[in-house]
Amino acid sequence: MTKEIKKEAVIIGAGLTGLSTAMYLKKQGVDCIVLEKSRQPGGVIRTFSEKGFTYEAGPNTGVDNTFGVGDLFGMLSGYCKMEFADPSAKKRLIWKDGRWNALPQGPVQAVRTPLFTPGDKMRIMAEPFRRRGDSPQETLAGMVRRRLGESFLKYAVDPFISGIYAGDPEELVTKYALPRLYRLEQEYGSFIIGALKKNLLEKGPRPSRRVFSAEGGFGRLIEGIENFVGKKNIICEVSDLTADKNREDYSVRFSSAGVEKRVSSPVLISTLGAHSIEGVFGFISPEDIKVIEGLNYAPVIQIVLGFRDWKGMEINAFGGLVPSVENREILGILFPSAFLKNRAPAGGALLNVFMGGVRKPGIIELSEQKILGIAEREVSELMQIPAFDPSLVKIFRYSHAIPQYGKDYTLRLEAIKRAEANNRGFYLAGNIQGGIGMADRIEQARCIADKIISSRNPETTTAEL
Ligand SMILES: Cc1cc2nc3c(=O)[nH]c(=O)nc-3n(C[C@H](O)[C@H](O)[C@H](O)COP(=O)(O)OP(=O)(O)OC[C@H]3O[C@@H](n4cnc5c(N)ncnc54)[C@H](O)[C@@H]3O)c2cc1C
């Protein structure tokens, strides 16, 4: 017999989006449950400690650029602590012509850097006087060429986009992929003037915009949220999950520990990636499902390398990125032990190497031996290691790592809005819309919980929450 429970909200997926949503709802006294396919909550977030190294299988850092981040860690005080990246290692390195160059962090460095051509350096100075773009569908590459020049695209934006999206600026649309940058041009007519004015004019509290992790790794954040929400409210290892709509409620069926179960609820929140949506929601039109599923994801391989006794180049930066024009086999290398506490034994180093992305999707299929061969070749040369002798090697593959917000984003957003408008109490969350970063995921959760609470108590405003 099917076991049935009633809840005030059901959340599908226990990644950062689902767990943060549960946390905000719990804070407001909403009786909710999270249903998760995997053995443990956290989604792509997983932290391990081994041989004196503490490393991440998924995201390593976030940027504290939404109010949700500080708010969430605030609610978790006592469970887990936010850790900001050490500012002494804030330099970002870019590989050009056989060596690392620091990405300029000020006007003097910008003039001196070998990364950009003299012509483009002049062009950057004239950026405030350039005409405002008028196409919301303009790609990032198009916008950067128009405002800053080709060398800036190749040696600043291209590697930056590899580091965030594992993507291609020729495919990503600025309005959706980097909405803050798009708004700077639209509102102020210039990135430079816009950034300066925003800094000067913005009053009141604002996010720190610093790079963050959690002390002991993001696994601690997940444990903290689990404790806040209550472990009994997060059911892992569910299978065959489907959701239907009755007159008043949603009915979610699934199997757990060999038992068929059903939860009914007036509120249903999906946090599934586009590739996991097929066959789950019987009440969304097949046409809309098709559009949502069409979202392209970059595949990414993350290789964790722990060196007990580091003999390579001096590591005093956040990481190094490799522009695609340099034609190398990796996207970049992050140096977590340079800016986070206790990630490697004293004298050692922890590196995270990234491969794949939209330009080299085939890498995800390579054997472990071949992947390690690439890592050895690339890391030995780029990090100037005399002997490649890591005492820790871990390979994590993600076939659907980072969604690419391209020209079809508007169509997808319309399909999502239609599915939500036709189904009261239904929310399509997760990284299919609203940003790929951890801060975006937390902020989306905060906004959805806010909407749910407001619809229950129409007189309640955000300010009161
Ligand atoms: C390798 C990698 C590195 C990253 N690095 C960074 C970074 O440095 N900084 C940053 O800000 N962001 C980074 N990101 C992005 C960030 O980690 C994600 O945007 C965020 O963690 C996604 O959370 P989510 O809950 O939306 O999705 P997910 O974490 O994917 O969670 C979705 C959950 O749904 C579950 N699920 C799927 N199907 C079903 C089903 N049928 N029934 C029940 N459950 C189901 C899945 O098992 C999963 O647990 C990175 C992502 C990856 C993959």
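In each ligand, atom 1 is the first atom listed, and ligand 1 is the first ligand listed.
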**Request:** Look at atom 32 (C) of ligand 1 and find which of I277, T271, I222, I235 reaches it with the closest heavy atom.
**Result:**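 Closest candidate by heavy-atom distance is T271.
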
Looking at [X], which atoms of ligand 1 are within less than 4.0 Å of one of its heavy atoms?
X    : result
N60  : 8 (O)
L272 : 34 (O), 36 (N), 37 (C), 38 (N), 39 (C), 40 (C), 45 (C)
T17  : 23 (O), 24 (P), 25 (O), 26 (O)
T61  : 7 (C), 8 (O), 9 (N), 10 (C), 11 (O)
I402 : 50 (C), 51 (C)
G43  : 29 (O), 31 (O), 48 (C), 49 (O)
I436 : 15 (C), 16 (C), 18 (C), 19 (O)

Note: K37, heavy atoms under 4.0 Å from ligand 1, region reported as both

Note: V63, heavy atoms under 4.0 Å from ligand 1, region reported as neither

Any nitrogen or oxygen of [X], main chain or side chain, under 3.5 Å from a nitrogen or oxygen of ligand 1?
X    : result
V44  : yes
G437 : no
L16  : yes

- Query: Side-chain donor-acceptor pair under 3.5 Å between R183 and Q186, yes or no?
  - Reply: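 Note: R183 and Q186 side chains miss the donor-acceptor criterion.
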
Q.
Looking only at side-chain N and O atoms, does E260 offer a donor or acceptor that is under 3.5 Å from a partner on S255?
A.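 Checked: S255/E260 side chains show no N/O donor-acceptor pair below 3.5 Å.
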
| S38 touching ligand 1 at heavy-atom level, < 4.0 angstrom | yes

Hey, can you pull the donor-acceptor pairs under 3.5 Å for the side chains in residues 313-325, sequence neighbours left out?
from : atom 1 : to   : atom 2 : distance (Å)
S324 : OG     : D158 : OD1    : 3.4
S324 : OG     : D158 : OD2    : 2.7

Would you be so kind as to tabulate the donor-acceptor pairs closer than 3.5 Å made by side chains of residues 328-340, with sequence neighbours excluded?
from : atom 1 : to   : atom 2 : distance (Å)
R328 : NE     : E378 : OE1    : 2.8
R328 : NH1    : E381 : OE2    : 3.4
R328 : NH2    : E378 : OE1    : 2.6
R328 : NH2    : E381 : OE1    : 2.9
E329 : OE1    : R377 : NE     : 3.4
E329 : OE1    : R377 : NH2    : 3.1
E329 : OE2    : R377 : NH2    : 3.2
S337 : OG     : L350 : N      : 2.9

- Query: Is atom 29 (O) of ligand 1 close to the protein, meaning a heavy atom under 4.0 Å from it?
  - Reply: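 It does: a protein heavy atom is found less than 4.0 Å away from atom 29 (O) of ligand 1.
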
Please state which protein non-hydrogen atom is closest to [atom] and give its distance, to 0.1 Å?
atom                    : result
atom 13 (C) of ligand 1 : P59 CB, 3.6 Å
atom 46 (C) of ligand 1 : E36 OE2, 3.5 Å
atom 31 (O) of ligand 1 : G15 CA, 3.4 Å

*Report yes if some heavy atom in the side chain of L153 is under 4.5 Å from a heavy atom in the side chain of P169; otherwise report no.*
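Counting from C-beta outward, L153 and P169 do come under 4.5 Å.
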
Answer yes or no for K96 and Y155: cation-pi contact, defined as NZ/CZ to six-membered ring centre under 6.0 Å and angle to ring axis within 45°. yes

Walk me through whether Y176 and Y409 qualify under ring pair (Phe, Tyr, Trp, His ring centres under 6.0 Å). CA-CA 7 Å; Y176 315 126; Y409 187 86; 4.6 Å; yes

Member of N352, L392, V379 meeting the side-chain contact (heavy atoms from CB on, under 4.5 Å) criterion with L305
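Going through the options one by one, the only one that passes is V379.
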
(message) With side-chain hydrogen bond (donor to acceptor under 3.5 Å, both in side chains) as the test, pick out the partner of S251 among K245, R262, E4.
(response)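 Among K245, R262, E4, the one that satisfies the side-chain hydrogen bond (donor to acceptor under 3.5 Å, both in side chains) with S251 is R262.
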
